[in-house]
Amino acid sequence: MSDIIRTRFAPSPTGFMHVGNLRTALYEYLIAKSMGGTFVLRIEDTDQERKVEGAVDIIYNTLRKAGLQHDEGPDIGGEYGPYVQSERKNMYLPYAKQLIDNDKAYYCFCTKERLDMLRENSDEPGAGYDRHCRDLPKEEVERLLAEGTPYVIRQKMPLSGTTTFEDAVFGSISVENAELQDQILIKADGYPTYNFANVIDDHTMNITHVVRGCEYLSSTPKYNLLYEAFGWEIPTYIHLPLIMGKNDDGTISKLSKRHGATGFEDLVAQGYLPEAIVNYIALLGWCPKDNREIFTLQELAENFSVDGISKSPAVFDYNKLEWFNGEYIKAMTDEQLAEVAEPYFRQAIKTKPLDFVKIAAILRQRTTVLSQIPEKIAFFEEQPDYDKELFVNKKSKTNLENSAVMLKEAISALQALSEWNHDTIHDCLMELAAHLEVKNGTVMWPVRIAASGMTVTPGGAVEILDILGREESLDRLNKGLAKLS
RNA sequence: GGCCCGGUGGUCAAGCGGCUAAGACACCGCCCUUUCACGGCGGUAACACGGGUUCGAUUCCCGUCCGGGUCACCA
């Protein structure tokens, strides 16, 4: 079983799940699942200064809602635990020391202040560490260590030559070693840096495919040098194109909060369905062979392949997300929509015992975001004060006079109904139109206006009367008639 | 600024030497219709630029330009 694919999602608990991170997790999940592999969750909390309460729960919740169930992780265990980096803290130092023994790393006693000064005094924007401690005499190192001088451990980069690596998406990439800084491996607080912990953990957890955002492309040579220094097998790299956002001035930059809701939870709170979000972001940077668009998570896993991943960054398009969301809503049953949208129904319908399933039925074809719902159905709870001019409609051939006639006729016809349901109301009004020899709209328009008080409503006159019920309906129609008299 | 990566309609994108350069979203019309939607039909709109290579470049190479990423004791 040693050749099984293993991917990992390694978020740091910042208290916020950006859709970019979620997409990375999604691809990691899909790559693993499409090849029958294992998807691992690892929490990267090596930055003790940035700890956020409850942040880990947000990660669990997001993955669960998105359906990205991990096979191993802090909460469910696995044979490569622990899965939280802070709990692995003492695993890293021995590896760093091994590197020192092999002359691939060294102790550095430079203070933060000296480093800051170095940066300030340089006019080169990208100037880095001057490698001051790289060649300290052994005795000097021993002495400083014995004195308890604070230190970090730095990687000893080759001063010349080039490092080349293969990326499954971007192909072969080469970098001059002289460009590489002697990066810190172990911080003064004893914790490993992200880069170092990553390499150690990925190797010890047997991760075969390292999937991450493009922003790591330029630091990958450093990773490789580490793998080589240890004599470890280099994993397959899969770097993902970034997700961008469009700014007000038309420019484009990495998607961030100023572009709107970019957190998974924010989008859900706005009325986007997790399934729709997942479906949309799957297509941001990946395209299936057949160009299909609607996929369940299961279907994505069946169709995913790395060669469909794009190289160029993708702009997050709320329009398209909304379209996806609308498609998912349309695909639901009335009962399902009534259930998932119940909180939104309750925002608008507070006192009346209305049938949410019936309301869901008329909402389903015309809702793209759940949060639109309260506004759309508020008139059921309380009819707005409307202007009688609403009765005038050219297309339906209605005016103030004939609207009054239509309402009067409709009221008496509806009053005579023994059963009050969609079909009886429908037949009643259609027969009325035929009987009066007017087009359907001439009857329907005034009835709908009087029943709702709005020109635009979800559903037509029949549906609204049905949902409102006999008593409330006739009451509203009578009030409408009074308005016209 | 150095280094790395990218560049097909407004957006997501197919294309992998020869096509009238797909499709989707958005937008605009028309139809359907008891409003709005939904649905159906149609339309506007793209290979950044300049050199090569080739019988032939959107596709391969180089340069320019543009965009992005990265250069922390952050992850």
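So that the names make sense, note that chain A is the first sequence line, chain B the second, and so on, each numbered from 1.
- Remark: A:Glu327 pairs with A:Lys330 by the salt bridge (charged side-chain N to carboxylate O under 4.0 Å, His left out) rule, at least two apart or across chains.
- Only the C1' atoms considered, B:C73 is 23 Å distant from B:G69, to the nearest whole Å.
- As rounded to the nearest Å, B:A14 and B:G23 have C1' atoms that lie 7 Å from one another.
- A donor-acceptor pair is defined here as one N or O able to donate and one able to accept, closer than 3.5 Å; no such pair exists between the side chain of A:Thr149 and the backbone of A:Leu145.
- Annotation: B:A48 and B:U8 have their P atoms spaced 6 Å apart (nearest Å).
- The side chain to side chain donor-acceptor pair (under 3.5 Å) pairs that include a residue from residues 435-448 of chain A are A:Arg448-A:Thr457, where partners are two or more places apart or lie in different chains.
- Spacing between B:C19 and B:A72 at atom P, rounded to whole Å, works out to 49 Å.
- The C1' atoms of B:A37 and B:U33 are separated by 11 Å, rounded to the nearest whole Å.
- As judged by a 4.0 angstrom heavy-atom cut-off over every strand, A:Leu115 is placed among the base-contacting residues.
- Summarising the geometry, the separation between NZ on A:Lys289 and P on B:A13 is reported as 15 Å, rounded to the nearest angstrom.
- Across all strands shown, B:A24 pairs with B:U11; the Watson-Crick or G-U wobble distances both stay below 3.5 Å.
- Taking atom CD1 of residue A:Ile277 and atom C1' of nucleotide B:C25, one finds them 17 Å apart after rounding to whole Å.
- Across all strands shown, B:A75 remains unpaired; no Watson-Crick or G-U wobble contact has both distances below 3.5 Å.
- Pairs engaging residues 9-25 of chain A under the side chain to side chain donor-acceptor pair (under 3.5 Å) rule: none recorded [sequence neighbours left out].
- Note on A:Thr46: a side-chain N or O is less than 4.0 Å away from OP1 or OP2 of B:A75.
- Residue pairs meeting the ring-ring contact (aromatic ring centres under 6.0 Å, His included) criterion with at least one member in residues 147-174 of chain A, sequence neighbours excluded, are A:Tyr107-A:Tyr151, A:Phe165-A:Tyr237.
- For residues 158-174 of chain A, no pair satisfies salt bridge (Lys or Arg N to Asp or Glu O under 4.0 Å), with sequence neighbours left out.
- Base pairing of B:G39: its partner is B:C31, meeting the Watson-Crick or G-U wobble criterion (both donor-acceptor distances under 3.5 Å).
- Within the shown strands, B:C55 is the pairing partner of B:G18 under the Watson-Crick or G-U definition, both distances less than 3.5 Å.
- Of the nucleotides present, B:G2 is the one that pairs with B:U70 by Watson-Crick or G-U wobble criteria, both distances under 3.5 Å.
- The interatomic distance linking A:Asn291 (CG) with B:C25 (C1') rounds to 13 Å, in whole Å.
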Where along nucleotides 30-39 of chain B does protein come under 4.0 Å, by heavy atom, of base (B) or sugar-phosphate alone (S), with - for untouched nucleotides?
-> ---BBBBBSS
Considering only nitrogen or oxygen atoms on both sides, find all protein atoms under 3.5 Å from nucleotides 5-12 of chain B and state each distance.
from	atom 1	to	atom 2	distance (Å)
B:G10	O2'	A:Lys246	NZ	3.0
B:C12	OP1	A:Val315	N	2.9
B:C12	O2'	A:Leu283	O	3.2

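- For A:Pro150, the side chain to side chain contact (heavy atoms under 4.5 Å, CB included) criterion is met by no residue, not counting sequence neighbours.
- Salt bridge A:Lys222/A:Glu179: absent, no basic N to carboxylate O contact under 4.0 Å.
- If you check every strand for non-hydrogen atoms under 4.0 Å, A:Met244 touches sugar and phosphate atoms only.
- In this structure, of B:A75, B:C73, B:G69, it is B:C73 that holds the atom nearest to the side chain of A:Ile184.
- B:C28 sits 48 Å from B:C71 when the C1' atoms are compared, rounded to a whole Å.
- Spacing of P atoms, B:G68 relative to B:C62, comes out at 23 Å, to the nearest Å.
- Pair check for B:A45 finds none; no Watson-Crick or G-U wobble contact set falls under 3.5 Å.
- Atom C1' of nucleotide B:A24 and atom CZ of A:Phe295 are separated by 12 Å, given to the nearest angstrom.
- Of the possible donor and acceptor atoms, one in the side chain of A:Asn325 sits under 3.5 Å from a partner among the backbone N and O of A:Thr368.
- In this entry the distance linking CZ of A:Phe324 with C1' of B:A26 reads 14 Å, nearest Å.
- The CG-P distance, from A:Asn279 to B:A13, rounds to 14 Å in whole Å.
- When rounded to the nearest whole Å, the span between CZ of A:Arg212 and P of B:U70 equals 13 Å.
- Between the P atom of B:U70 and the CG atom of A:Leu242 lies a distance of 7 Å, rounded to the nearest Å.
- The salt bridge (charged side-chain N to carboxylate O under 4.0 Å, His left out) test applied to A:Asp201 returns A:Arg42, A:Arg88, not counting sequence neighbours.
- On the P atoms, B:C61 is 15 Å away from B:U53, given to the nearest whole Å.
- Donor-acceptor pairing under 3.5 Å, judged by distance alone, is absent between the side chain of A:Tyr318 and the base of B:A26.
- For the pairing with A:Val56, the side chain to side chain contact (heavy atoms under 4.5 Å, CB included) check across A:Pro11, A:Pro13, A:Pro74 returns one residue only, A:Pro13.
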